[in-house]
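Reviewing the structure listed below.
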Amino acid sequence: MSVALFPALPSAPSWFPGHMNRFTKQLPALLSRTDVVLELRDSRLPLTSINNNLEGAINKWRAERGHHSTHVTPLSLTTSRNSSLGYGGPICERIVVLNKRDFVPEWGVEPFKRAMKAKFPDQTVHFASCNKPRDIRSLSEMLVNIAKRNPHATEMNVLVVGMPNVGKSTLLNSLRNMGIPGRTPKALQTSAQPGHTRAISTRLKLSEDPLVYSYDSPGVMLPFLGRGDRGAERGVKLALIAGIKESLYDTEALVAYLLYRLNVLNPISPAYLTLLPPGSCPFTDAEIFLKQLATRLNMLLRGGEKDTVRAAKWFVEWWRHEGGLVSASVPENIPTGSDGTHAPSLRRGWGFDFEWTVDATTNSTGGGFESAVQMKMEECIDESIRAASEDERLGVGISTTQERKRSWQEKQSMRAAKSKAKFAARKAA
């Protein structure tokens, strides 16, 4: 076993196409006729796949509706007379859906739910995988029950939002198949590449009784992922789940970070060892690993040189599919050494956003293990919130282009104010 070393990462690129900017501007108007917001995140990146721009708009929408929790309040006679139900009435629900749950270890799901409940009591968290009918049925029933608690509403409208490639269109197709009796054709086109959905979809019926409709929306990336190490790591994480254009990154840099993360997920037997000859040891050097992998896959150039570029692309694609399932099968307790102890600096994690040092509590069993993991997750969430606040205070979340644009807008406003003042003075004279 070797200690995972954090790799050097490239600076985060900026990828914010025009259709994302248009949707961001349309969002307040869309929310005004929305009853339920389904915010999709990737289970592997439950914190990184949060879009703070969407968060601000959703929180403002809930505040305008007078709702500060996700619990549905009973309807009163006053409410039914004075409020418009549906389309801006008392229905104001927000459900955070962690999609692709089969790519994270099952032992961390419940501790994560409890950690989120402790830190964000106003959010309802639901884990789902589109190839598991039980998960889709549970989410469909949740939406139907919300609609049934408001019988005076003629229909309920759901808006699905989230970052690119978190599975919004696929989830809506699955919900439609579950909620509408009989055969239902695929209503929304899907793609493995980010940015496929570029405009708000037409309304899609999810249930006939009660009537539930939904809108699909374009995935929206942050205009700027941030400077420094945190911004660099955020960009690489999103590139690995194909949430940002992969062409913006050197594939070998993605492999170096993926190797680090797989070593953290299972320090004893990382998932990539299944690709190598039996008895292979964990790797910390991406270049050496890619040469071994290229040899194993017989990816050779002319003269017998190992094709590490091709091996790197293959490895990233492998992890996005069957490799992710292998890494999710890691047991809750990692094996101990022959003397029953752990290496003092042994690190492990859950998904790509949670990482902690192994101690006696996090290698226990049953309820003690779950409580210990929940505590570690809460610490990671606190650190993420603190880091986000620090970035906002220092302004590292704003690119130099955005700074120049903001400075230009301020100058234009000052000039307009001066011109207005001069015009008023002349008129008064």
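Just the heavy atoms: all of them, side chains too, but no hydrogens, waters or symmetry mates, feed the values below. Numbering of residues begins at 1 and proceeds along the displayed sequence.
- At most 12 non-hydrogen atoms from other residues, nucleotides or ligands lie less than 6.0 angstrom from CD of Glu287.
- Salt bridge annotation for Asp135-Arg101: present, with a cationic side-chain nitrogen under 4.0 angstrom from a carboxylate oxygen.
- Ring geometry for Phe315 versus Trp318: interplanar angle under 30°, hence parallel rather than tilted (30 to 60°).
- The main-chain N or O of Gly368 is never found under 3.5 Å from a side-chain atom of Ser371 such that the two would form a donor-acceptor pair.
- Under the 30°/60° scheme for interplanar angles, the aromatic rings of Trp350 and Phe354 are found to be tilted.
- For the atom pair Leu47 CG and Glu383 CD, the distance stands at 11.0 Å (nearest 0.5 Å).
- Checked for salt-bridge contact, Glu317 and Lys313 miss the test: no charged N lies under 4.0 Å from a carboxylate O.
- Between the Ser32 side chain and the Ala29 main chain, a donor and an acceptor come within less than 3.5 Å of each other.
- A salt bridge links Asp353 with Lys237; the closest basic N to acidic carboxylate O contact falls under 4.0 Å.
- Using modelled atom types, one side-chain atom of Asn165 and one backbone atom of Ala242 make a donor-acceptor pair closer than 3.5 Å.
- Put simply, the side chain of Phe289 reaches to within 4.5 Å of the side chain of Leu276, judged on heavy atoms.
- The pair Glu355-Arg348 does not count as a salt bridge, with every side-chain nitrogen at least 4.0 angstrom from each carboxylate oxygen.
- Within the 4.5 Å cutoff, the side chain of Leu143 has heavy atoms near those of the Ile95 side chain.
- Residues Leu262 and Asn266 have side chains not in contact (no heavy-atom distance under 4.5 Å, counting atoms from C-beta outward).
- A side chain to side chain contact (heavy atoms under 4.5 Å, CB included) with Ile244 is found for exactly one of Leu248, Leu240, Ile241, namely Leu248.
- Between the side chains of Thr357 and Arg347, at least one donor N or O lies within less than 3.5 Å of an accepting N or O.
- Ring geometry for Tyr272 versus Phe283: interplanar angle of 30 to 60°, hence tilted.
- With respect to the salt-bridge test (charged N to carboxylate O, under 4.0 angstrom), the residues Lys376 and Glu378 do not qualify.
- Under the 4.0 Å criterion applied to side-chain N and carboxylate O atoms, Arg230 and Glu233 are not assigned as salt-bridge partners.
- Only one option out of Tyr260, Trp319, Phe103 pairs with Phe352 in a ring pair (Phe, Tyr, Trp, His ring centres under 6.0 Å); it is Trp319.
- For the pair Asp42/Asn99, no side-chain contact is recorded, criterion being any heavy-atom separation below 4.5 Å from C-beta on.
- Not a single donor-acceptor pair under 3.5 Å links the side chain of Thr170 to the backbone N or O of Gly167.
- Between Arg310 and Glu252 no salt bridge is recorded (no basic side-chain N to carboxylate O distance below 4.0 Å).
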